[in-house]
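Each remark here refers to the structure printed beneath this line.
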Amino acid sequence: MFRVLALRLRGRLTLGMRVSGRHFRSIWLDESSGVLRIIDQTRLPHAFELRTLPDLPAVVEAIRTMRVRGAPLIGAAAAHGLALALAVDPSDASLAQARRELQATRPTAVNLRWAIDRVSRVVAHLDPGLRGARAQREAEDICDEDVAVCQKIGEHGLRIIRELSSRRGGEPVRILTHCNAGWLATVDWGTALAPIYKAHADGLPVHVWVDETRPRNQGASLTAFELREAGVPHTVIVDNAGGHLMQRGLVDAVLVGSDRTTATGDVCNKIGTYLKALAATDNGVPFYVALPISTIDWEIEDGLRQIPIEERSADEVAEVEGLRCDGRLERVRILTSSTDVANPAFDVTPARHVTAFITERGCFSPGRSEMERFRPGERPD
Ligand code: MRU
């Protein structure tokens, strides 16, 4: 109770990320109407549109179509989805059905299951009449805690950037990132981008190489948008450029997020992450993974065999969306309709390529025994 209160207070006191100077979270309950609101990420960077999610079907649709995406945000949205379902029908059958529908939206990010289980646990033993309100409180706690967790990740990661900065003699630290692991992928601050925002705020010069991240371009559309709003120097590169930059000595560290990490440290993240890890290993560039502890799936050890990899629609590869010169958004096909397409959305980077994990509980190296020390319930030394 006190912990949640303290986290809430901390979330209020330390304002996070801004768009045109105004603070936004990626998901929130509207203060006057109480309705659930999100930033529609499918419209960025060309349009900044807010959207209301009035019920469970709207939340399911928003997660599936990636209006909200990123492992921690998917979890936060699912928690709210469960609360909305229970507000309409608090029966056991409704809870089970909402769980199934939410779980089916996106299979890879483990935060989805984590958040659904957490909300279910607190309402399961309650009188049905109390379930809706209790679920909503838990969803809000999940959001507030995510903000505090990401801030902590930022602080721990800042120490690493500070160290890189002193090795660079104060020249900008050049960090390569993949996909979007910023505030749009969480509730605020982000995971991989949080240390970068903290470093920038502390006056440490940083420069970010932003992988465009085909096919959905989360790097080009979302990470570049975030960094621009925050005033962090950055350059968008095609996904294939990272290895070349590392060979030229232009990357001081790779810093990515994760959708699910095994208890031994295999990292599942956006497709293409593995290739960056290989190039980093080959070039002696440190490869850091920033993640909340809730992204660790303690039940599995072998990422290659045990993590379900989401296969998304062929259209994401066959079509691209952009802004026409007249300012209208347009989708065009870049492949013939008879071309075969495969679209695995994530890959697994084996633990041996990971230099360190940056979490809210501190930084540690991969490997079961080291990671276990940071497991909830354990007390890191
Ligand atoms: O398919 P997405 O956009 O949901 O994938 C997001 C990522 O892979 C992120 O890197 C990951 O969720 C970490 S987010 C803090």
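Numbering of ligands and ligand atoms starts at 1, following listing order.
Glu61 and Arg67 are joined by a salt bridge, as a carboxylate oxygen and a charged side-chain nitrogen come within less than 4.0 angstrom of each other. Note on Glu101 versus Arg64: no salt bridge recorded, every NZ/NE/NH1/NH2 to OD/OE distance being 4.0 Å or above. Comment: Arg162 engages Asp202 in a salt bridge, judged by a side-chain N to carboxylate O separation of less than 4.0 angstrom. Using a cutoff of 4.0 Å between basic side-chain nitrogens and carboxylate oxygens, Asp315 and Arg331 are not scored as salt-bridged.
Ligand 1 does not have Thr273 within reach: every non-hydrogen atom of the residue lies 4.0 Å or more from it. Using a 4.0 Å heavy-atom cutoff, Gly190 is absent from the residues neighbouring ligand 1.
Against a heavy-atom cut-off of under 4.0 Å, Met66 is close to the following atoms of ligand 1: 1 (O), 2 (P), 3 (O). Close approach of ligand 1 to Thr191 is summarised as follows: ligand atoms under 4.0 Å from at least one heavy atom of the residue are 15 (C). Heavy-atom proximity to Gln218, at under 4.0 Å, picks out these atoms of ligand 1: 1 (O), 2 (P), 3 (O).
Hydrophobic clustering (ILVMFWY, side-chain heavy atoms < 4.5 Å, transitive): Leu250 and Val285 are in one cluster.
Contacts between Pro72 and ligand 1, counted as non-hydrogen atom pairs separated by less than 4.0 Å, involve the side chain only. Residue Val256 does not touch ligand 1, judged by heavy-atom distances below 4.0 Å. If you look at His178 next to ligand 1, there are no close heavy atoms at all, none under 4.0 Å. With a heavy-atom cut-off of 4.0 Å, Ala71 touches ligand 1 through backbone and side chain alike.
For atom 7 (C) of ligand 1, the candidate residues are Val267, Asp259, Asn111; the nearest heavy-atom contact is made by Asp259. The residue from Gln41, Arg106, Arg216 that puts a heavy atom closest to atom 2 (P) of ligand 1 is Arg106.
At a 3.5 angstrom cut-off on N or O pairs, Arg69 counts as close to ligand 1. Considering backbone and side-chain atoms together, Gly70 places an N or O closer than 3.5 Å to an N or O of ligand 1.
Residue, atom and distance of the protein heavy atom nearest to atom 10 (O) of ligand 1 are Asn269 OD1, 2.8 Å. With hydrogens left out, the protein atom closest to atom 14 (S) of ligand 1 is Ala185 CB, 3.5 Å, a heavy atom. Remark: minimum distance from atom 5 (O) of ligand 1 to any protein heavy atom is reached at Lys270 CE, 3.4 Å.
For residues 332-354, the set of pairs meeting the salt bridge (Lys or Arg N to Asp or Glu O under 4.0 Å) definition, not counting sequence neighbours, comprises Glu319-Arg333.
A cation-pi contact, defined as under 6.0 Å to the ring centre and within 45° of the axis, links Lys198 to Trp189. Figure legend: cation-pi geometry between Lys270 and Phe346, with NZ or CZ positioned under 6.0 Å from the six-membered ring centre and within 45° of its axis.
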Sequence neighbours excluded and cut-off under 3.5 Å, please list the side-chain donor-acceptor pairs for residues 218-225, or say none.
{"residue": "Ser221", "atom": "OG", "partner": "Asn217", "partner atom": "O", "Å": "3.0"}
{"residue": "Thr223", "atom": "OG1", "partner": "Cys179", "partner atom": "O", "Å": "2.8"}
{"residue": "Thr223", "atom": "OG1", "partner": "Asn180", "partner atom": "ND2", "Å": "3.1"}

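No more than 12 heavy atoms of other residues, nucleotides or ligands shown are found within 6.0 angstrom of CZ on Arg22.
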